[in-house]
Amino acid sequence: MRLRIYFMKIICIARNYREHARELNNPLPKSAVFFIKPDTALLKNGRDFYIPEFSNNIHFEAEIVLKISRVGKYIQPEFAHRYFEQISLGIDFTARDLQNELKKMGYPWEMAKAFDGAAVTGEFFDKNQFGLSQLNFCLKKNGQMVQEGNTADMIYDFSKIIAEASKFFTLKTGDLIMTGTPAGVGQVNSGDVLTGFIEQQKIFEVSIK
Ligand code: ZN
């Protein structure tokens with residue numbers, strides 16, 4: 001058996017779609033706000049998601065995911081496109097009840113966002129297959145449309161996200177960036193099936209246990 005040691009991080013941007021910030025009554029931040037999920041949060045396409053015992057309100061947040069393809073720090077927006085070749089769709093699972101408690105106390109969100117299985121990623125595709133600046137994506141729960149987004153509605157576009165994030169965190173090959181969720185986030189229950197699409201293409205399916 002060959003062991004592959006693989007370290008990576010998942011950088012997420014908060015409140016990158018106005019309508020989503022509004023639905024949670026969150027003010028828009030003056031500058032980009034990031035948080036990180038560790039590699040143990042990764043739930044690959046096809047695996048089941050188990051609702052953790054510490055939450056009664058797990059929310060889905062469908063987000064376009066970028067896969068970083070080279071190392072970079074202080075990347076200028078005009079060169080940011082050179083730092084990713086593939087995109088996917090994923091879910092930033094959030095223990096909303098726990099997050100609200102932590103926010104109220106002024107504590108970091110980490111436990112509500114970075115727990116095991118909290119970062120779903122689908123299959124990755126060549127970014128050149130898509131028109132990145134006006135990309136449609138959506139999430140269905142049990143076949144019903146729950147979230148519809150278009151990357152044209154992002155406050156920080158992919159280039160700006162990479163530029164801003166790389167001021168704080170060195171981007172390494174294999175890192176993922178979750179680029180924010182549009183309106184329509186909601187709760188999952190055991191037995192639900194979430195399916196994600198970019199344009200017409202199915203990107204992932206996750207069953208909730
Ligand atoms: Zn999110």
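In each ligand, atom 1 is the first atom listed, and ligand 1 is the first ligand listed. As the structure is a prediction and not an experimental result, all values here were calculated from the model.
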Set of residues satisfying salt bridge (charged side-chain N to carboxylate O under 4.0 Å, His left out) with respect to Glu110, sequence neighbours excluded: none

Other cluster members, Phe35 - Ile/Leu/Val/Met/Phe/Trp/Tyr, side-chain contacts below 4.5 Å: Trp109

Any Pro182 side-chain heavy atom under 4.5 Å of Phe137 side chain: yes

Any Val188 side-chain heavy atom under 4.5 Å of Phe93 side chain: yes

Distance below 2.8 Å from the Zn ion (ligand 1): protein N/O/S atoms: Glu61 OE1, Glu63 OE2, Asp92 OD2

Student check: side-chain heavy atoms of Asp192 and Phe60 closer than 4.5 Å: no

Inter- and intrachain pairs under side chain to side chain donor-acceptor pair (under 3.5 Å), touching residues 7-35, at least two apart: Lys9-Asp175, Arg15-Asn26, Glu19-Arg22, His20-Glu23, Asn26-Lys103

